[in-house]
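A note on names: the letters A, B, ... follow the listed sequences, proteins ahead of strands, and every chain is numbered from 1. What's counted below: heavy atoms across the whole structure, side chains too, no hydrogens, waters or symmetry copies.
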Number of protein chains: 2
Amino acid sequence: MPPRVKNAAATREAMLAAARQRFLQESYENVGLRDIARDVGVDVALVGRYFGSKEELFKEVLRVGKKADWLDPTVTSVELPAYLASLSTEEDDADRRQHAEGLLIMLRSASSPKAAEIIREALRESVLEPIARLLPGKDPEIRSSLALSVFFGTTVLRTIMAVGPLSGCDTNAMRRSMQRLLDAALTEDTGA
Amino acid sequence: MPPRVKNAAATREAMLAAARQRFLQESYENVGLRDIARDVGVDVALVGRYFGSKEELFKEVLRVGKKADWLDPTVTSVELPAYLASLSTEEDDADRRQHAEGLLIMLRSASSPKAAEIIREALRESVLEPIARLLPGKDPEIRSSLALSVFFGTTVLRTIMAVGPLSGCDTNAMRRSMQRLLDAALTEDTGA
DNA sequence: AGCTCATGTCAACGGCCGTAGACATATCAT
DNA sequence: ATGATATGTCTACGGCCGTTGACATGAGCT
């Protein structure tokens with residue numbers, strides 16, 4: 001038989017992929033359901049049928065990146081800064097790419113009221129807590145938040161604002177800077 | 001004479017102030033001109049008359065924070081990290097507050113297509129370049145960008161995403177962390 | 001007082017959005 | 001082949017948006 005023209009599971013998956021690409025490039029409000037539907041070559045109304053609402057579609061998009069769990073448990077705390085630093089620069093590793101993409105999506109839509117709570121939850125449950133669990137020493141939650149803030153800060157300038165000095169920066173230099181920042185972020189506070 | 005009920009300059013100023021407050025709390029797209037007008041007790045159409053368009057109003061809002069120039073020229077590079085660190089925590093100093101507010105406005109609307117270019121320009125001309133000019137050593141543009149990324153990163157988590165560990169953090173601890181991060185950001189890259 | 005012009009209001013336009021329900025069509029079981 | 005059902009389309013609604021031009025009203029001058 002010739003390949004099915006009508007296949008619910010396949011179109012759902014295609015819409016999810018298209019949505020992910022869109023949310024990767026624009027914020028929650030600026031992504032139109034009609035854009036996503038057009039990408040797949042399908043009618044808008046299908047979004048409603050398969051995902052219920054735009055918010056639920058967005059939730060599902062964030063769930064995609066969750067499948068590859070954050071950080072192999074074998075990763076020790078000393079490798080952690082290097083891993084996080086590689087998130088911005090490494091392009092090949094599939095898991096890393098997915099993690100970095102997920103974070104970028106959250107960052108892009110961070111100031112969209114409708115998306116805010118969804119993002120907060122996803123961030124906590126599938127990023128901050130897993131990282132904090134790997135950190136020895138005091139205040140793991142604060143330090144994992146600081147580490148994440150390094151990623152977000154550099155990404156805002158490099159990718160979202162497209163500010164020259166960081167976007168055009170040499171990859172190795174960038175990785176060294178990230179590593180320095182992440183070391184500082186993960187350092188325990190001596191209170192001095 | 002009793003204070004003028006109709007005063008163009010005053011209402012313009014009031015609308016500018018109201019707009020600034022709104023853009024401080026929500027992103028470019030999520031701030032409606034009708035909201036601003038309602039805050040002032042005035043009709044929407046006045047926005048068009050006084051500012052031309054929403055984009056120009058936004059431009060003007062960013063110009064407000066520019067009046068207090070960034071960093072007294074007497075500030076040496078050693079005090080710079082402390083100054084930047086105080087941006088997030090200090091509430092009293094008027095200039096600092098205005099600088100921090102300006103940055104928050106830019107951050108909030110960073111992923112709004114209509115606002116993006118305006119922000120890029122304002123950031124470069126009135127933040128990145130002034131700071132870079134104060135930095136001795138190599139790659140001042142890169143290092144000033146990294147310093148700014150520290151502010152943006154922590155602000156995203158603390159203020160925009162309202163993520164627990166950083167929003168509820170002790171002020172002194174926060175300042176120490178910021179200082180550590182900023183030192184790392186401003187350190188020259190030895191290439192090692 | 002009356003004239004004039006700056007100042008502010010009103011109504012409406014066209015456009016895009018997310019959502020919903022009625023409708024069409026392809027696929028599969030019988 | 002025929003009916004049943006999953007799959008996808010079409011149309012349209014109500015709502016908010018930024019912007020515009022015609023209109024009202026206040027203030028200040030003579």
Side-chain angles (χ1 to χ4, degrees), chain A residues 1-20 22-23 25-62 108-109 111-118, chain B residues 1-20 22-23 25-62 108-109 111-118:
Chain A
M1 50 186 155
R4 286 245 272 168
V5 231
K6 284 192 175 184
N7 180 335
T11 26
R12 212 193 103 105
E13 216 55 32
M15 292 178 58
L16 201 57
R20 192 169 162 93
R22 286 283 180 179
F23 285 125
Q25 313 281 348
E26 306 238 38
S27 79
Y28 182 83
E29 347 262 358
N30 289 292
V31 171
L33 297 186
R34 286 171 171 83
D35 301 331
I36 299 174
R38 198 175 316 118
D39 289 344
V40 185
V42 117
D43 192 274
V44 208
L46 274 195
V47 177
R49 188 190 297 288
Y50 286 142
F51 299 94
S53 72
K54 191 182 181 183
E55 297 194 29
E56 308 231 20
L57 169 58
F58 187 71
K59 236 181 269 185
E60 196 97 357
V61 163
L62 286 187
R108 269 237 149 80
S109 297
S111 31
S112 300
K114 304 259 186 62
E117 195 175 320
I118 300 170
Chain B
M1 50 186 155
R4 287 242 273 169
V5 210
K6 284 193 172 182
N7 181 334
T11 34
R12 212 194 104 105
E13 216 56 31
M15 293 178 58
L16 201 57
R20 192 171 163 92
R22 286 284 180 178
F23 284 126
Q25 314 281 347
E26 305 239 39
S27 79
Y28 182 82
E29 346 262 358
N30 289 292
V31 170
L33 296 186
R34 286 171 172 84
D35 300 331
I36 299 174
R38 198 175 316 117
D39 289 344
V40 184
V42 114
D43 192 273
V44 208
L46 275 196
V47 177
R49 189 191 295 288
Y50 287 142
F51 299 95
S53 73
K54 191 181 182 182
E55 296 194 30
E56 307 231 21
L57 168 59
F58 187 71
K59 239 181 266 185
E60 196 98 353
V61 162
L62 285 187
R108 270 233 149 82
S109 298
S111 31
S112 300
K114 303 260 186 64
E117 196 175 321
I118 300 170

Contacting residues from residues 12-19 of chain A, given that a heavy atom lies under 4.0 angstrom of DNA chain D: none

From B/Arg108 atom CZ to A/Ser112 atom OG, the distance as rounded to the nearest 0.5 Å: 11.0 Å

Could you name each residue pair satisfying ring pair (Phe, Tyr, Trp, His ring centres under 6.0 Å) that touches residues 31-61 of chain A, not counting sequence neighbours? A/Phe23-A/Phe58, A/Tyr28-A/Phe58

What is the distance from CZ of A/Phe51 to P of C/dA20, rounded to the nearest Å? 16 Å

Side-chain contact test, heavy atoms from C-beta onward, threshold under 4.5 Å: evaluate it for A/Lys114 versus A/Ser109 and give yes or no. no

Taking CG from A/Leu46 and C1' from D/dT7, how many angstroms apart are they, rounded to a whole number? 8 Å

Sequence neighbours left out, what passes salt bridge (Lys or Arg N to Asp or Glu O under 4.0 Å) with B/Glu60? Give chain and number order. B/Arg12, B/Arg63

Of all pairs that satisfy salt bridge (Lys or Arg N to Asp or Glu O under 4.0 Å), the ones with a partner from residues 47-58 of chain A, not counting sequence neighbours: none

Phosphate contact (C/dG8 OP1 or OP2) by B/Thr11 side-chain N/O below 4.0 Å: yes

Which pairs pass side chain to side chain donor-acceptor pair (under 3.5 Å) with one or both residues in residues 36-48 of chain A, sequence neighbours excluded? A/Arg22-A/Asp39

Determine the contact category for B/Tyr50: base if any of its heavy atoms lies under 4.0 Å from a base atom, sugar-phosphate if only primed atoms, P, OP1 or OP2 are that close, otherwise nothing. sugar-phosphate

Are A/Leu57 and A/Leu16 close enough that some pair of their side-chain heavy atoms sits under 4.5 Å apart? yes

I'd like to compare against my own output: the B/S/- annotation of nucleotides 17-26 of chain D with a strict under-4.0 Å heavy-atom distance to protein. BBBBB---BS

Given 3.5 Å as the limit, does a donor-acceptor pair link the side chain of B/Asp35 with the main chain of B/Gly32, or not? yes

